[in-house]
Protein chains: 2
Amino acid sequence: MTATKNAPHNAGTVRMSADERRTAAVRAAVEEFSVGGYNGTSTAAIAKRIGVSQPYLFRLFDDKRQLFLAAVEECFRRVVVTFDQATEGLDGIAATHAMGHAYQELLDREPTLLRMQMQAYVAGMDPDLQADIRACWSKLDELVRVRTGITGEELTNFFARGMLCNVIAALDLPKQIYFEETYDEQGDVVHCDYCREAEAAAAAKAADAG
Amino acid sequence: MTATKNAPHNAGTVRMSADERRTAAVRAAVEEFSVGGYNGTSTAAIAKRIGVSQPYLFRLFDDKRQLFLAAVEECFRRVVVTFDQATEGLDGIAATHAMGHAYQELLDREPTLLRMQMQAYVAGMDPDLQADIRACWSKLDELVRVRTGITGEELTNFFARGMLCNVIAALDLPKQIYFEETYDEQGDVVHCDYCREAEAAAAAKAADAG
DNA sequence: ACAGATTTAGTTATTGGTCACTAAGTTTGC
DNA sequence: GCAAACTTAGTGACCAATAACTAAATCTGT
């Protein structure tokens with residue numbers, strides 16, 4: 001009695017394949033979980049964001065936990081892709097610098113990704129989720145090690161600075177407090193030699209493609 | 001009608017002053033919130049831990065938010081105290097090293113404090129809490145700056161490495177992955193020159209007191 | 001010294017609301 | 001016409017916060 005008999009049940013929403021919906025749901029989940037965290041985000045909020053009823057989410061995912069893990073994996077996947085693209089044709093310290101710059105750029109362009117990471121780490125305190133979150137971390141660790149070849153203090157500082165970026169994203173601190181950039185007379189960012197190497201590699205690749 | 005007429009209402013629990021209870025509640029809150037976070041921890045769990053009814057917590061604190069903030073402040077206070085004690089009689093790079101060591105020791109001895117910090121940072125994404133959490137961060141930042149005098153890259157790396165410790169605590173990673181210590185033939189930890197300076201300062205202070 | 005008054009530390013019972021998840025049905029594209 | 005995409009309706013569990021009450025400690029006047 002709530003709807004006229006022959007009016008469409010779900011007017012306004014587009015019909016999608018389950019896989020397409022799942023993908024949309026994961027994207028939405030990243031957005032929602034990144035600010036509310038696992039316990040502070042309702043499945044209803046995620047459903048609303050993709051224009052679907054809340055119970056339908058449970059046809060796409062076994063439970064909230066699975067949806068959260070999918071969001072975490074998507075988040076790490078996007079970071080991995082970023083690192084991948086940033087270090088094409090580079091290795092050693094040049095690759096390390098490139099990754100560092102790329103991550104700091106994420107802080108400006110996609111703070112959601114860094115916030116979602118924070119949420120993943122605290123969710124990792126729950127024994128039910130810890131193993132999966134650790135696996136995400138390990139993959140990232142692995143990528144950095146093989147792409148850069150750095151170890152010891154250098155590796156530690158790389159990840160450490162990444163984690164500081166995450167906190168800056170969470171608290172919305174002005175990033176120049178800890179990451180100052182220097183500008184030339186034109187107001188452009190001054191790049192170091194490693195940056196120039198990275199730019200050269202990118203230019204070479206572009207020339208190759210074009 | 002639920003209890004025999006003259007039987008004590010709260011048999012088994014000790015009577016405390018409100019201030020004592022509040023202190024106990026804050027300690028319990030740090031324990032509980034550090035693993036469950038703001039949204040994943042019930043006030044009932046905290047009340048149970050100090051042997052008090054759940055509604056009574058709301059006589060001691062206005063609401064859950066206040067209780068959480070008290071726990072966050074207690075957590076940061078304990079870190080500040082640790083840094084304070086670790087750097088007595090030191091400054092400059094020696095103080096920086098001493099703080100760094102002290103923080104890494106917290107990772108072994110009081111992982112709860114580092115986990116609680118993570119919870120504070122993600123809770124700081126909530127606009128209602130962000131200002132207070134930022135204030136805690138600022139205090140810590142200020143302390144490190146005045147005690148060590150470091151700036152720029154050095155300061156950044158100091159905080160960055162701290163944040164990495166927090167993540168290690170959260171995910172229960174083996175800390176030697178990023179913080180290897182070297183041991184001598186006796187199996188004792190090898191200290192650097194700055195450590196020795198710190199030890200000398202501590203010894204001098206002990207001699208002064210004794 | 002002690003009875004009554006007052007404050008302080010606690011209780012139980014309850015409520016309004018939220019949330020994850022289930023069951024059973026309806027619509028739509030092919 | 002059927003399978004796959006989606007809905008509404010509902011349930012039981014939990015949870016922050018309130019209300020109303022009780023008992024123990026402390027103060028006060030005589």
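Here is the naming used below: chain letters follow the sequence lines, and residue numbers restart at 1 for every chain.
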**Prompt:** Would you call Glu153(A) and Arg161(B) a side-chain contact if the rule is heavy atoms closer than 4.5 Å?
**Reply:**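 A side-chain contact under 4.5 Å exists here.
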**Any Met163(A) side-chain heavy atom under 4.5 Å of Asn166(B) side chain** =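 The answer is no; the side chains never approach within 4.5 Å.
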Whole-Å gap separating [atom2] ([N]) and [atom1] ([X]):
X: Lys48(B); N: dT12(C); atom1: NZ; atom2: P; answer: 14 Å
X: Asn39(A); N: dA20(C); atom1: CG; atom2: P; answer: 9 Å
X: Tyr56(A); N: dA23(C); atom1: OH; atom2: P; answer: 18 Å
X: Arg22(A); N: dA4(D); atom1: CZ; atom2: P; answer: 12 Å
X: Ile50(B); N: dA9(C); atom1: CD1; atom2: P; answer: 13 Å
X: Met16(A); N: dC6(D); atom1: CE; atom2: P; answer: 8 Å
X: Asp63(A); N: dA20(C); atom1: CG; atom2: C1'; answer: 9 Å
X: Leu57(B); N: dA17(D); atom1: CG; atom2: C1'; answer: 11 Å

**Prompt:** Are the side chain of Gln104(A) and the backbone of His101(A) linked by a donor-acceptor contact shorter than 3.5 Å?
**Reply:**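 Checking the backbone N and O of His101(A) against the side chain of Gln104(A), no donor-acceptor pair under 3.5 Å is found.
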Pairing donors with acceptors under 3.5 angstrom, does anything connect the side chains of [X] and [Y]?
X: Thr41(A); Y: Glu32(A); value: no
X: Tyr178(B); Y: Asn157(A); value: no
X: Gln119(A); Y: Arg115(A); value: no

**Message:** Could you report the tightest heavy-atom contact between Gly36(B) and Asn39(A), atom names first, then the distance?
**Reply:**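 Between these two residues, the closest heavy atoms are O-ND2, 4.1 Å.
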**Pairwise 5' ranking along DNA chain D for Ala18(A) and Asp62(B), keeping only the more 5' one** =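 Nearest nucleotide further toward 5': that of Ala18(A).
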**Request:** If a protein heavy atom is under 4.0 Å from the base, mark B; if only from the sugar-phosphate, S; if neither, -; do that for nucleotides 14-19 of chain C going 5' to 3'.
**Result:** -----S
**Asked** Near DNA chain D, under 4.0 Å by heavy atom, which residues of residues 27-38 of chain B?
**Response**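 Output list: empty, so none.
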**Prompt:** Does Lys139(B) make a cation-pi contact with Phe76(B) (under 6.0 Å, within 45 degrees of the axis)?
**Reply:**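 The answer is no; the distance or angle limit is not met.
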**Any donor-acceptor N/O pair under 3.5 Å between dA9(C) base and Arg59(B) side chain** =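 No, the side chain and the base share no sub-3.5 Å donor-acceptor pair.
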**Item:** Val52(B) side chain, from C-beta outward: closest of dA16(D), dT22(C), dT11(C)
**Value:**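 Closest nucleotide to the Val52(B) side chain: dT11(C).
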**Item:** Listed nucleotide nearest any side-chain atom of Arg15(A), set dT12(C), dT7(D), dA4(D)
**Value:**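 Output: dA4(D).
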**Request:** Please confirm whether Tyr121(A) and Trp137(A) have ring centers closer than 6.0 angstrom.
**Result:**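 Yes.
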**Item:** Residue-phosphate contact under 4.0 Å: Ser53(A) side-chain N/O, dC6(D) OP1/OP2
**Value:**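 No, outside the criterion.
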